[in-house]
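Since the structure comes first, as structure tokens, the remarks are kept for the end.
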Amino acid sequence: MIFLTGGHGLLGTELRKLRDYIAPEEHEMDITDLPKVIEVVKSANPSAIYHCAAYTNVTAAETDWKRCYEVNAIGTHNMVEAAKAVGAVFIYMSTDYVFDGDQEPGGPGYKPDDIPHPINWYATTKLIGEVYTQAYPDYYIIRTSFKRSPWEHPKAVADMWTTADYVDVIAPLIDKTIGRIIEGKPLPGRIIHLGTPRKSILELARRRSPDIEAITRADVSVRLPVDTSLCCFEP
Ligand SMILES: NC(=O)c1ccc[n+]([C@@H]2O[C@H](COP(=O)([O-])OP(=O)(O)OC[C@H]3O[C@@H](n4cnc5c(N)ncnc54)[C@H](OP(=O)(O)O)[C@@H]3O)[C@@H](O)[C@H]2O)c1
């Protein structure tokens, strides 16, 4: 059985439609509480852990930096310790935001071995989570990005590009990848990039909500990367 953290968030809710998981809620297991994490994971004794829980508010993370670090960095360290305790394969949910977005326009997109360079605090803490993950030999890192459907804001950024898609499109790609991991099928490496062809954020928003208003990155208070498009694996 696979143990899923963050199983009741945006992505986790979609993933649980596709496969059975042991998925405790935050009030049952706060990932920043190491003794609790070890106790809950030991009693579930999973063969794999898919760690999706995170502090995900990119704007709030700039001021609420300490809690963001506790959840994304220390929380991931704790989940790795739990994987060690039960000998489970550890799969970490990361983000295209580990890259600075300053890539060659029209290029192939970031490859898994390109050097990360996050430009905001949320992404920095997610990268620290990757580093903790890679200290454990039996690990995989999935980098992708996804949005709630329909578009949840009245506006969308026109001058940002992405291989992100709606969560109901990305979750099946993740599920297939998880399947490959647990069935021991070949994968391109331990870091896997998932997504759909490059488009602007505004274009993605208007696919399902045609009346969305265009804004630019300059209208948003947090620094956002221009083009975090990934060179993606097709699972
Ligand atoms: N959304 C994106 O565009 C995007 C892009 C790339 C990567 N990701 C990554 O994908 C994963 C899922 O993102 P999402 O958008 O589905 O996030 P989300 O909707 O905010 O869900 C996050 C989940 O983490 C849980 N959580 C937060 N703090 C916790 C703690 N201390 N202990 C235990 N659980 C805790 C939350 O529980 P509560 O709801 O009970 O607080 C929630 O279930 C994250 O790792 C995120 O970094 C997201």
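Note that ligands are numbered from 1 as they come in the structure, with each ligand's atoms numbered from 1 the same way. Scope of the values below: all heavy atoms of this structure, side chains included, with no hydrogens, waters or symmetry mates. We count residues from 1, following the sequence as given.
Between Y50 and L11, the closest heavy-atom pair is OH-CD2, 4.1 Å. Closest approach of H8 to P24, counting heavy atoms only: CD2-O, 4.2 Å. Of all non-hydrogen atoms in A164 and T196, the two that sit nearest each other are O-OG1, 3.6 Å. Across all their heavy atoms, N78 and D33 have their closest contact at ND2-N, 4.0 Å. The minimum heavy-atom distance between W121 and A61, with the atom names listed, is CD1-O, 3.3 Å.
Using cut-offs of 30° and 60° for the angle between ring planes, the H153 and W151 rings count as perpendicular. Below 30°, between 30° and 60°, or above 60°: for H193 and F99 the angle between ring planes is above 60°, a perpendicular geometry. Relative orientation of the F90 and Y136 rings is perpendicular, given thresholds of 30° and 60° on the angle between their planes.
In terms of N/O distances under 3.5 Å, ligand 1 is approached by K126. On a distance-only criterion, C52 and ligand 1 share at least one N/O pair closer than 3.5 Å. Polar contact with ligand 1: absent for V71 (N/O pair, distance under 3.5 Å). Looking at ligand 1, you won't find any N or O of G7 less than 3.5 Å from one of its N or O atoms. Looking at ligand 1, you won't find any N or O of T32 less than 3.5 Å from one of its N or O atoms. Of the N or O atoms in H51, none lie within a sub-3.5 Å distance of an N or O in ligand 1. For the pair I31 and ligand 1, the shortest N or O to N or O distance falls below 3.5 Å.
Compare E26, R148, K36 by their heavy atoms: the one nearest to atom 30 (C) of ligand 1 is in E26.
Contacts between N57 and ligand 1, counted as non-hydrogen atom pairs separated by less than 4.0 Å, are absent for every part of the residue. The proximity of R67 to ligand 1, defined as any non-hydrogen pair under 4.0 Å, is limited to the side chain. Counting heavy atoms under 4.0 Å from ligand 1, residue F146 touches it through both backbone and side chain. Contact annotation: for T56 versus ligand 1, heavy atoms closer than 4.0 Å belong to the side chain alone. Under 4.0 angstrom from ligand 1, the non-hydrogen atoms of Y122 all belong to its side chain.
Taken together through direct or relayed side-chain contacts under 4.5 Å among Ile, Leu, Val, Met, Phe, Trp and Tyr, I215 and I201 form part of one hydrophobic cluster. Under the 4.5 Å side-chain heavy-atom criterion for Ile, Leu, Val, Met, Phe, Trp and Tyr, V131 and I141 are members of distinct hydrophobic clusters.
A salt bridge is absent between D168 and K17: the closest approach of a Lys/Arg side-chain nitrogen to an acidic carboxylate oxygen does not fall below 4.0 angstrom. Residues R223 and D102 are not paired through a salt bridge, judged by the lack of any N-O separation under 4.0 Å between the basic side chain and the carboxylate. Classification of E130 and K126 as a salt-bridged pair fails, no side-chain N sitting under 4.0 Å from a carboxylate O.
Of the protein's non-hydrogen atoms, D30 OD1, 2.9 Å is the one closest to atom 31 (N) of ligand 1. The single protein non-hydrogen atom nearest to atom 25 (C) of ligand 1 is A53 CB, 3.9 Å, given as residue, atom name and distance. Of the protein's heavy atoms, T144 O, 3.0 Å lies nearest to atom 6 (C) of ligand 1. Of the protein's non-hydrogen atoms, M93 CG, 3.7 Å is the one closest to atom 9 (C) of ligand 1. Nearest protein neighbour of atom 21 (O) of ligand 1, counting heavy atoms only, is G9 CA, 3.4 Å. For atom 23 (C) of ligand 1, the closest non-hydrogen atom on the protein side is G6 CA, 3.7 Å. The single protein non-hydrogen atom nearest to atom 22 (C) of ligand 1 is A54 O, 3.8 Å, given as residue, atom name and distance. For atom 19 (O) of ligand 1, the closest heavy atom belonging to the protein is L10 N, 2.8 Å.
Contact annotation for atom 3 (O) of ligand 1: protein present (non-hydrogen atoms, distance under 4.0 Å).
Close approach of ligand 1 to T95 (heavy-atom distance below 4.0 Å) involves ligand atoms 6 (C), 7 (C). Ligand 1 places these atoms under 4.0 Å from at least one heavy atom of H8: 43 (O). Interface atoms of ligand 1 facing L11, defined by a heavy-atom separation under 4.0 Å, are 16 (O).
Residues N72 and Y132 bring no donor and acceptor atom of their side chains to less than 3.5 Å of each other. Of the N and O atoms on the side chains of T32 and E70, not one donor lies less than 3.5 Å from an acceptor on the other residue.
Under the 4.0 angstrom criterion for non-hydrogen atoms, M29 is in contact with ligand 1. Taking 4.0 Å as the cut-off, S94 counts as a neighbour of ligand 1 on heavy-atom distance.
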Point to revise | Check against salt bridge (charged side-chain N to carboxylate O under 4.0 Å, His left out), D96 and R198 | key: CA-CA 13 Å; D96 57 349; R198 183 179 181 272; over 6 Å; no
